[in-house]
Amino acid sequence: MSPSSPEFDPAAERSRAGPSLGGKKLLALTLAGLGDEARTISSISTASRTEPWAGQAEAVSDLLGGDIAAACRRNANLSSGRDETFWVQLRVFCYAVAGEIDAADLTLGILREQGALDEVEMAFLTTAATGMVSKTTPMVRNALQYAISRKFNFPLSPQLLSEADAGVLVAAANDTALDLATRIASAERAVGMGVLPISTLSGLLGSTGFDVSLLSNAVTIASEQGDDPLTDALLYQSVAAMSAPEFLRDKAQRISLALGLGDNFYRAYSLSLLYADEIASFEGTIVTVDEASRFALARMAVGDSVGAGQWLAAMVGANGAISALPEAQAMVFIDHVNLLTVLDPQTAAQIARAAGVSVLGLEPAQAYQHINGLHDQSALAHITEAAFDAALEGKQGQAGLAALAASAGNASGGEVESVIVSQSLRAAGLSLLQRRYAFEKAWAATFAEPVAEIASGPETVVEDQGGLMPRLKPRRLQ
């Protein structure tokens, strides 16, 4: 989801929200990757920096920004809430960084005896306490694990960040020490969560140079290496080179190819946003049925139901009926019309009538069955509390913020988060945004990629294979 931030009334929120609730809202936003927004609100909030929830939000920001010392100072300065799991886990890391190995080991032992750690948390904290890196690299999920992985130079890759929370993904996208493929993959997932501007992704895609031979063979390379994030950079730059009017048809074909590489929701959404302006300029251009299909979906992704309808009409062509299409393309047309029903029922009904098909539509339960949850159940509890408070007190700004925070998870499940987002958007008076959210969840359900389970077991620890090895061998622009 990538809505613009809802209007926020600082004076009203400041007068009605207590320090604890204010701190929880700051934490929820920070965990959701909205660190800048959290800092803005923090500057006008009554929540003290030493209040546990506000302090945790600040500490998470410190960890994501690589300022371990600042996070540890916040831990040391706590006047209450020191026994919260987050602070105790952070304490293990802080003791180790300070060279107090016995204290780190003792604190880790207490957590272990209390059964407070799952296998992934144990792996990271053991590395922090002992300085010994495991032969297997755990999947990074949160800010503390990301900070530990950077401190001990874990070979991070798109795979190892595939379960990361939104805040970690934003940090990884902006981390110049990581390889470009990992930064691009992180940026695409963060854009797909609505917590990173598309300009950051486009900047990454254009930040490396490719040999002319690679650019001229972009189509062949894309067919062979479509799962490599650097392929997105190669196609993006090859499209940018097609600025002359006579290349319009070739550009349309190249962008369609790029969109076709969207093998998961995050990548597909971010690529749709990336090429939104170019696709809008193709109106009246002769394209193939498959190209029109991809452009229709891309226009839905940016909320342009009218433009999507025009591309769907282009799929059936002058005959105006679905019978003119081969069976496979006809089924794609029907699926797209059903998705459009979630976004704009009226436009979808018009397209369906003209094509001679019935609109099936999607019930809310169908639209929400494959959504992402939050790893941190404590964070979910804080978001839920804020959502209920907003609904009961009529705080539209807070309701919108609760929706944003709940929408940026990356774990399996997510049925509760879905209800929070949908109803919070309604409480915020954002009914059109609520429809976009429903569409995005319905679209996400069409992808085959399952959302990885987060569980305490060996399946959450993967063998390190040295990270992604880019095969396009780009050269950095001077």
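Position 1 is the first residue of the sequence; numbering continues from there.
Here the straight-line distance linking atom CG of L90 with atom CZ of R82 works out to 10.5 Å at 0.5 Å rounding. Rounding to the nearest 0.5 angstrom, the gap separating the SG atom in C94 from the CZ atom in R91 is 8.5 Å. Here the CE atom belonging to M132 is positioned 9.0 Å from the OG1 atom belonging to T127, to the nearest 0.5 angstrom. The distance from atom CG of L196 to atom CG of N174, rounded to the nearest 0.5 Å, is 6.5 Å. Rounding to the nearest 0.5 Å places CZ of R189 at 5.5 Å from CG of N264. The line from CD of E121 to CD1 of I148 is 10.0 Å long, rounded to the nearest 0.5 Å.
In plain terms, the two heavy atoms of V92 and L108 that are nearest each other are CG2-N, 3.9 Å. Nearest heavy atom pair, residue A258 against residue Y275, reads CB-CE1, 3.7 Å. In plain terms, the two heavy atoms of L201 and A187 that are nearest each other are CD1-CB, 3.9 Å. Closest heavy-atom contact between P155 and L160: O-CD1, 3.4 Å. The nearest pair of heavy atoms linking S162 to M139 is OG-CE, 3.3 Å. Across L169 and L161, no two heavy atoms sit closer than the pair CD2-O, 3.7 Å.
For the pair R436 and L343, the minimum side-chain heavy-atom distance is below 4.5 Å. Taking 4.5 Å as the limit, some side-chain heavy atom of F93 sits within range of a side-chain heavy atom of I68. Residues Y146 and D175 form a side-chain contact, since some pair of their non-hydrogen atoms from C-beta on lies under 4.5 Å apart. Contact check for L117 versus Q89: side-chain heavy atoms found under the 4.5 Å cut-off. Within the 4.5 Å cutoff, no side-chain heavy atoms of Q114 are placed close to those of V88. Annotation: side chain of L273 is in contact with side chain of V191 (closest heavy-atom distance under 4.5 Å). Within the 4.5 Å cutoff, side-chain heavy atoms of T208 are placed close to those of Q237. Looking at heavy atoms from C-beta onward, R299 lies in side-chain contact with V302 at the 4.5 angstrom threshold.
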Inset, instruction - Please lay out, stage by stage, how Y236 and L271 fare under the test side chain to side chain contact (heavy atoms under 4.5 Å, CB included). - result: CA-CA 10 Å; Y236 177 74; L271 291 174; over 6 Å; no
Inset, instruction - Verify side chain to side chain contact (heavy atoms under 4.5 Å, CB included) between Y95 and L106, making sure each step is shown before the conclusion. - result: CA-CA 10 Å; Y95 283 142; L106 176 61; over 6 Å; no
Inset, instruction - Take T182 and D179, measure what side chain to side chain donor-acceptor pair (under 3.5 Å) needs, and give me the verdict at the end. - result: CA-CA 6 Å; T182 299; D179 66 87; 2.9 Å; yes
Inset, instruction - May I have the step-by-step check of side chain to side chain contact (heavy atoms under 4.5 Å, CB included) for T176 and R183, ending in yes or no? - result: CA-CA 8 Å; T176 57; R183 295 181 66 193; 4.0 Å; yes
Inset, instruction - Decide yes or no on side chain to side chain contact (heavy atoms under 4.5 Å, CB included) for R150 and L178, but give the supporting numbers first. - result: CA-CA 9 Å; R150 302 306 293 126; L178 294 179; 3.7 Å; yes
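In this structure, the side chain of D165 does not engage the main chain of V168 through any donor-acceptor pair within 3.5 Å. Remark: the backbone N or O of A57 is paired with a side-chain donor or acceptor of S61 at under 3.5 angstrom. Distance alone, capped at 3.5 Å, is enough to place a donor-acceptor pair between the R294 side chain and the S256 backbone. Of the possible polar contacts, none joining the T126 side chain to the A123 backbone as a donor-acceptor pair under 3.5 Å is found. Without hydrogens or angle criteria, S149 side chain to F154 main chain gives no donor-acceptor distance under 3.5 Å.
In this view, R254 satisfies the salt bridge (Lys or Arg N to Asp or Glu O under 4.0 Å) rule with no residue, not counting sequence neighbours.
When N217, L214, V239 are each tested for a side-chain contact (heavy atoms from CB on, under 4.5 Å) with L234, only one passes: L214.
Separation of the F447 and Y266 ring centroids does not fall under the 6.0 Å cut-off.
A salt bridge is absent between R73 and D62: the closest approach of a Lys/Arg side-chain nitrogen to an acidic carboxylate oxygen does not fall below 4.0 angstrom.
Ring geometry for F265 against W443 counts as perpendicular: the plane angle is over 60°, on a 0 to 90° scale with 30° as the lower cut.
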